[in-house]
Amino acid sequence: MPGSGPYDDDCAERIVVTAPAPPPPLPRPALDSHTHLDMVDLPVEEVMAAARAAGIVRVVTVGTDLGSSRWSTRCAEDHDGVYAAVAIHPNDTEAATGQSRLPRDPRAPHASSPPPSPASADEVLAEIEALARRPRVVAVGETGLDYYRDHAAPDVQRWWFREHIKIAKRTVKALMIHDREAHADILRILEEEGPPPRVVFHCFSGDVPMVKQCAEAGYVMSFAGNVTFANAQPLRDAAAAAPPDLLLAETDAPFLTPVPNRGRPNAPAQVAYTLRCLAEVQGLDLAEFCDTVTATAARTFGPW
């Protein structure tokens, strides 16, 4: 879900105006490294057909609580080209052991299920770990820290983040990080805990100095559609400073639809526009960049 900074769109920008224009097909296959298929208002088969038409052959659909993590795992097991990430989102860490204070997205298939009975943190984390061990689950996430919203106390978020780091290391899966106005604490906790071998900053929102810190640590930086926004030059500067082999692209659908479709419904096909933007700021041939991103994804999430 969206990161920090002035380049964000929240749920309000998901108003359906007209269907987004399909992007021209990419010259080489690529992927959407972070999406929420459970929140997209279309059948998965239709979403994936549109993605393939744009050259997007794989997607990682991401859980934010137990319900969406279970759904994402089943979706990955049922659909070719779909993989899953599972975790408790930092905004839902307090609610994970009881009734959520966050509104349930009515479009999510699991939203119609009755609210879960209260569970202990150990029980919740045990199920996340069990899901993470499934073959089609490629990452533990999205987990991390969100200091922008006040849905969970920072100390609670930090405890859950540390526990998710441990799960990623035990399951040998990538760690997918949500970082909203929490750069320093995220980096500090990773250093204190010892990061897993593969770390991805989803919806990267840092500046050029943070890019350099991440690059030195070998962390992968995934940029979302907000990198295409007119007011996002500092974010494009950050993307330009990143080593190309540490870059991924994502939609974070249904959020953050890239230009030229900003404000319209987002879906994995739209990541083609973000890939074009990143190739441009990197000064790379688009086909070459698609191949580089595909190799980075295989190294981070694979083998497929």
Side-chain angles (χ1 to χ4, degrees), residues 9 14 16-37 39-62 75-76 78-84 138 200 202-204 220-230 232 235-236 239-240 242 244-304:
D9 291 342
R14 289 192 275 151
V16 176
V17 181
T18 57
L26 293 166
R28 297 284 295 151
L31 83 157
D32 179 359
S33 72
H34 186 115
T35 192
H36 299 278
L37 291 179
M39 299 184 196
V40 176
D41 290 332
L42 292 168
V44 173
E45 295 83 357
E46 188 174 333
V47 171
M48 291 303 297
R52 287 189 290 269
I56 303 304
V57 298
R58 294 185 180 92
V59 307
V60 180
T61 189
V62 179
C75 182
D78 291 345
H79 297 279
D80 290 341
V82 178
Y83 299 83
V138 297
V200 182
H202 126 75
C203 196
F204 186 83
V220 173
M221 293 156 274
S222 183
F223 285 80
N226 53 345
V227 75
T228 70
F229 295 175
L235 198 55
R236 287 189 287 277
D245 64 348
L246 290 178
L247 284 176
L248 290 174
E250 64 177 73
T251 57
D252 200 20
F255 311 97
L256 301 176
T257 310
V259 173
N261 291 315
R262 184 179 180 183
R264 296 173 180 169
N266 203 3
Q270 298 295 311
V271 77
Y273 289 116
T274 304
L275 284 158
R276 286 182 165 87
C277 175
L278 292 173
E280 182 177 348
V281 301
Q282 283 271 316
L284 295 175
D285 171 75
L286 180 57
E288 176 188 351
F289 184 63
C290 287
D291 288 345
T292 300
V293 166
T294 296
T296 299
R299 189 176 71 247
T300 304
F301 299 126
W304 304 110

One should read off an interatomic distance between Trp304 CH2 and Thr294 OG1, to the nearest 0.5 angstrom, of 9.0 Å
Distance in Å, Phe204 CZ paired with Asn226 CG, rounded so as to fall on 0.5 Å steps:
11.5 Å
State whether the side chain of His36 and the backbone N or O of Val62 hold a donor-acceptor pair below 3.5 Å, judged by distance alone.
yes
For the backbone of Cys203 and the side chain of Glu250, can you confirm whether one donor and one acceptor N or O come within less than 3.5 Å of each other?
yes
Would you give the length of the straight line joining atom OG1 of Thr61 to atom CE of Met48, rounded to the nearest 0.5 angstrom?
10.0 Å
Are the side chains of Asn266 and Asn261 in touch, meaning some heavy atoms are under 4.5 Å apart?
no
Just by distance, do the side chain of Asp252 and the backbone of Phe255 share a donor-acceptor pair under 3.5 Å?
no
Hey, does the side chain of Glu45 reach the backbone of His79 with a donor-acceptor pair shorter than 3.5 angstrom?
no
Mark yes or no for whether Thr35, through its side chain, and Pro268, through its backbone, hold a donor-acceptor pair below 3.5 Å.
no
Kindly say whether Phe229 contributes a backbone atom to a donor-acceptor pair with the side chain of Arg236 at under 3.5 angstrom?
yes
Can you tell me how far CD of Gln270 sits from CG of Leu275, rounded to the nearest 0.5 angstrom?
11.5 Å
Begin with the C-alpha distance, continue with both residues' side-chain angles, and end with the deciding distance and a verdict on side chain to side chain donor-acceptor pair (under 3.5 Å) for Thr251 and Asp32.
CA-CA 6 Å; Thr251 57; Asp32 179 359; 2.6 Å; yes
Determine yes or no for a side-chain-to-main-chain donor-acceptor pair under 3.5 angstrom, with Thr292 supplying the side chain and Asp245 the backbone.
no
